[in-house]
Amino acid sequence: MKKHNFSAGPCILPQEVLKKASNAILNFNNLNLSLIEISHRSKDFVEVMENARSLVKELLNLPDGYSVLFLQGGASLEFLMSTYNLLKVDGKAAYLDTGTWSTKAIKEAKKLGDIAVVASSKDEGYKSIPKNYEIPSNIDFFHCTSNNTIFGTQIKNFPKTNGLLVCDMSSDIFSRQLDFSKFDLIYAGAQKNMGPAGTTLVIVKDEILGKSGRDIPSMLDYQVHISKDSMFNTPPVYAVYVSMLTLEWLKNLGGIPAIEKINEAKAKLLYAEIDRNPLFKGYANKEDRSTMNVTFNLTDDSNKETFDKIWNEAGIVGIKGHRSVGGYRASIYNAMPIESVQILVDAMQQFEKQIS
Ligand SMILES: *Cc1c(COP(=O)(O)O)cnc(C)c1O
């Protein structure tokens with residue numbers, strides 16, 4: 001039976017990407033060698049890395065002066081690594097707390113210095129994005145999370161700041177048009193919207209580096225990785241390759257303007273049903289709703305068994321809400337076709353018929 005996978009991460013990837021990726025395990029570039037057994041210094045792999053890095057710049061429309069890295073350690077390591085590189089020894093940074101991932105970023109940053117949390121939506125269960133907060137002017141950087149994977153909220157307007165603008169875009173990078181040149185540092189774990197787990201994308205403005213006054217361990221130093229073209233040590237070759245294939249797929253589709261339209265159509269379809277169907281209610285505030293992770297609950301939890309049976313039988317997987325929120329979460333990342341979203345909407349309507 002065909003499955004409709006709404007998992008929050010690792011995410012689904014386009015079928016054509018999975019096919020090419022499987023072939024490369026057995027016979028990469030007709031070398032009669034596996035991608036995962038050739039040298040990362042070989043011409044064939046160096047091309048993959050260069051292609052992946054340049055596709056990122058092209059798709060995000062980045063001006064000169066940015067470096068693109070494919071690192072390891074997940075977005076979770078970037079919580080610390082970004083601070084190491086950007087927070088001056090006696091410096092200060094400001095963070096916006098919009099959910100679990102922001103909280104974790106704040107925790108790591110606090111290990112290195114003075115961190116101010118400028119606003120938080122914690123008291124209301126992270127249902128909204130705080131607005132109208134003040135960012136102190138004497139900061140090295142301001143950090144925010146563009147999309148809150150767990151609670152289903154998304155920043156629509158990024159604030160102005162005197163410091164550098166740093167953003168964890170793990171779960172919505174490449175999903176919508178933004179002026180990416182407004183950001184000084186962007187990081188994203190690949191497995192939400194770009195590829196398999198195992199690599200982390202880092203995009204950094206070169207001129208901001210080397211100013212923290214810290215003695216940064218080599219593996220945590222962006223400048224070290226940049227000077228080695230993202231191959232300071234053995235890179236996660238397979239994760240980089242599959243990410244490259246996904247970025248090629250996105251480019252052929254028409255890039256971010258094209259996928260943004262599709263993503264908006266998918267989100268509109270699903271939120272419209274949540275708002276129409278009396279058996280459901282959305283979790284996040286309407287104006288802050290994510291186009292990537294759609295969180296919703298039953299209006300009457302005693303119907304849970306009935307609804308769960310219906311979507312299970314429709315081949316739907318991965319819509320159980322995060323354990324800290326409960327209810328349901330449908331992740332509709334770039335590779336999710338609108339047909340699958342329609343299957344979920346159909347299941348919600350069948351549920352309504354069955355209950356009434
Ligand atoms: C999943 C996620 C992370 C953690 O990513 P890892 O790669 O598992 O470390 C961080 N931030 C956001 C917004 C996420 O969705």
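Predicted model only: the values in this text are computed from it and were never measured. Numbers here are sequence positions counted from 1. Just so you know, ligand 1 is whichever comes first in the structure, and atom 1 is the first atom listed for that ligand.
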Dump all N/O pairs between ligand 1 and the protein below 3.5 Å as a table: atom names plus distance, one pair per row.
{"from": "ligand 1", "atom 1": "7 (O)", "to": "Ala75", "atom 2": "N", "distance (Å)": "3.1"}
{"from": "ligand 1", "atom 1": "7 (O)", "to": "Gln191", "atom 2": "NE2", "distance (Å)": "2.9"}
{"from": "ligand 1", "atom 1": "8 (O)", "to": "Gln191", "atom 2": "NE2", "distance (Å)": "3.3"}
{"from": "ligand 1", "atom 1": "9 (O)", "to": "Ala75", "atom 2": "N", "distance (Å)": "3.2"}
{"from": "ligand 1", "atom 1": "9 (O)", "to": "Ser76", "atom 2": "N", "distance (Å)": "2.9"}
{"from": "ligand 1", "atom 1": "9 (O)", "to": "Ser76", "atom 2": "OG", "distance (Å)": "2.6"}
{"from": "ligand 1", "atom 1": "11 (N)", "to": "Asp168", "atom 2": "OD2", "distance (Å)": "2.6"}
{"from": "ligand 1", "atom 1": "15 (O)", "to": "Thr149", "atom 2": "OG1", "distance (Å)": "2.5"}
{"from": "ligand 1", "atom 1": "15 (O)", "to": "Lys192", "atom 2": "NZ", "distance (Å)": "2.7"}

For Tyr126, give me all partners under ring pair (Phe, Tyr, Trp, His ring centres under 6.0 Å), at least two apart in sequence or on another chain.
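Result, ring pair (Phe, Tyr, Trp, His ring centres under 6.0 Å) vs Tyr126: Phe151.
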Ring pair (Phe, Tyr, Trp, His ring centres under 6.0 Å) involving Tyr241 - partner list, sequence neighbours excluded:
Phe28
Just to verify, what does Asp140 make a salt bridge (charged side-chain N to carboxylate O under 4.0 Å, His left out) with, not counting sequence neighbours?
Lys88
Is the distance from the ring center of Phe296 to that of Tyr283 below 6.0 Å?
no
Using the ring of each side chain (for Trp, its six-membered ring), is His143 parallel, tilted or perpendicular to Tyr95, with breaks at 30° and 60°?
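Ring orientation, 0 to 90° scale: parallel.
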Tyr333: which of Asn193, Thr291, Asp172, Asn293 passes side chain to side chain donor-acceptor pair (under 3.5 Å):
Asn293
